[in-house]
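What follows is a short report on a single structure.
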Amino acid sequence: MPLVTTKEMFKKAYEGGYAIGAFNVNNMEIVQGIADAAIELNSPIILQVSAGARKYAKHNYLVKLVEAVLVEAPDLPIALHLDHGADFEICKSCIDGGFTSVMIDGSHHDFETNIELTKKVVEYAHERGVVVEAELGRLAGIEDAVNVSAADAAYTQPDEVEEFVTRTGVDSLAIAIGTSHGAYKFKPGTNPQLRFDILAEIEKRIPKFPIVLHGASSVPQEFVKIINEHGGALKDAIGVPEDQLRQAARSAVCKINIDSDLRLGMTAGIREVMWTKPEVFDPRDYLKVGRANVKTVVMHKIKDVLGSEGKA
Ligand code: G3H
Ligand code: 13P
Ligand code: ZN
């Protein structure tokens, strides 16, 4: 089948009490690691591309890599999504360029501007059969396209969601309930707690509406250890507890975004080979270990966190 939108995926996920993993892709090995896991576990997936990924690998290369997965697995539902679209132009470019889903991230704008911008993208996207994710509330974290200090982070206000969804016509909504972007989320020894009370309130205001969680990596400590034991210098930090993500996946949360955990897996594999086998200079020798780690991460997420195994 061709690339699909997230509409049917989210409907089934909502009703079935599981979530779809949205994994960031930047190169062939990451696409393959994710695809291998999804194919083996017969799980639908969302492959998402950030502005930084487009700049690094170029739009057409990424689209063709994702389309190659369709050839390998013709029956697997796969959506191609723009992650954190900052303006109308990048959304338009992805809609025109083969994506089936885009995010317009107007979360740093005021409420009215966010509505106006989201509505404009929704109108353009829907006329072309593409679905749209928007965001209310601000997550902490630092990435290429996302730079919000902890002090500027703000939980989503349940009071605003109904009006936002109705006026924009958006298809899914990313909310801030305590997750955060990147590998340095929370201090070790702390007890991160997602605000399930806010999630429940939001669910009440917009029943049956698909909710998205960004910044949902769990920062696997085994990869941090491998990286640091092989010449890396990562600071101590922990991620979002996986039992809480599992709980979220059972509720209105239909899409869970994971990027940092893939980066950690890829880096751990490459560092291990580079450090222990300094004679290696064939990129395949270290990239294949990184790719295998990406597959391991995604297998674990699908089986133990998202609950999407066998749902393709
Ligand atoms: O949430 C952001 C994603 O992890 C993408 O990060 O902008 O560095 O590609 P990036
Ligand atoms: P992580 O940094 O927690 O992997 O979040 C990724 C993300 O939200 C992509 O949009
Ligand atoms: Zn994000």
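Remember, it's 1-based here, ligands and their atoms both numbered in the order they're listed. No hydrogens, no waters, no symmetry mates; every other heavy atom, side chains included, goes into these values.
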Extract all donor-acceptor atom pairs below 3.5 Å that involve side chains of residues 227-235 and protein atoms in other chains or at least two apart in sequence.
from: Asn228; atom 1: OD1; to: Ala233; atom 2: N; distance (Å): 3.3
from: Asn228; atom 1: OD1; to: Leu234; atom 2: N; distance (Å): 2.7
from: Asn228; atom 1: ND2; to: Leu234; atom 2: O; distance (Å): 3.1
from: Glu229; atom 1: OE2; to: Lys225; atom 2: NZ; distance (Å): 3.1
from: His230; atom 1: ND1; to: Ile226; atom 2: O; distance (Å): 2.6

Where ligand 2 meets [X] - atom numbers and elements under 4.0 angstrom, heavy-atom basis:
{"X": "Lys185", "result": "1 (P), 2 (O), 3 (O)"}
{"X": "His84", "result": "10 (O)"}
{"X": "Ser260", "result": "1 (P), 2 (O), 4 (O)"}
{"X": "Asp83", "result": "9 (C), 10 (O)"}
{"X": "Gln48", "result": "9 (C), 10 (O)"}

Atoms of ligand 1 close to [X] [distance to a heavy atom under 4.0 angstrom, numbered from 1]:
{"X": "Ser50", "value": "5 (C), 7 (O), 9 (O), 10 (P)"}
{"X": "Asn24", "value": "3 (C), 5 (C)"}
{"X": "Asp83", "value": "1 (O), 2 (C), 3 (C)"}
{"X": "Asp259", "value": "3 (C), 4 (O), 5 (C), 6 (O)"}

*Can you find a non-hydrogen atom of Met103 under 4.0 Å from ligand 2?*
no
*What do you reckon, does Arg263 put a non-hydrogen atom under 4.0 Å from ligand 2?*
no
*Quick one: is the NZ or CZ of Arg54 closer than 6.0 Å to the six-membered ring centre of Tyr56, and within 45° of its axis?*
no
*Examine the proximity of ligand 2 to Ala216 and report which part, side chain or backbone, both or neither, has a heavy atom under 4.0 Å away.*
backbone
*When you look for heavy atoms under 4.0 Å from ligand 1, do you find them on the side chain of Asn257, its backbone, both, or neither?*
neither
*For the Zn ion (ligand 3), the closest N/O/S atom belonging to His214*: ND1
*asked:* Quick check against the 3.5 Å criterion: does Glu309 have a side-chain atom that pairs as donor or acceptor with the backbone of Leu41?
replied: no
*asked:* Closer than 3.5 angstrom, by distance alone: can the side chain of Asp171 be matched with the main-chain N or O of Val132 as a donor-acceptor pair?
replied: yes
*Is Ile46 isolated, or which residues cluster with it under the ILVMFWY side-chain rule of less than 4.5 Å, directly or via members?*
Met1, Val4, Met9, Phe10, Tyr18, Ile20
Test your reading of the structure: does [X] have an N or O sitting under 3.5 Å from an N or O of ligand 2?
{"X": "Ile258", "result": "no"}
{"X": "Asn24", "result": "no"}
{"X": "Asp261", "result": "no"}

*Measure from atom 6 (O) of ligand 1 to every heavy atom in Met103, Arg263, His84, His214 and give the option owning the shortest one.*
Arg263
*Audit row: Lys11, Glu8, salt bridge (charged side-chain N to carboxylate O under 4.0 Å, His left out) steps and yes/no*: CA-CA 5 Å; Lys11 188 171 179 287; Glu8 194 61 22; 5.4 Å; no
*asked:* Test of understanding: clusters of I, L, V, M, F, W, Y form through side-chain heavy atoms closer than 4.5 Å, transitively. Do Met266 and Tyr184 belong to the same one?
replied: yes
*asked:* Side chains of Asn114 and His109 only: does a donor on one sit below 3.5 Å from an acceptor on the other?
replied: no
_Show, in sequence, the C-alpha distance, side-chain angles and deciding distance for His59 and Phe99, and conclude whether the ring-ring contact (aromatic ring centres under 6.0 Å, His included) test is met._
CA-CA 10 Å; His59 180 97; Phe99 283 41; 5.2 Å; yes
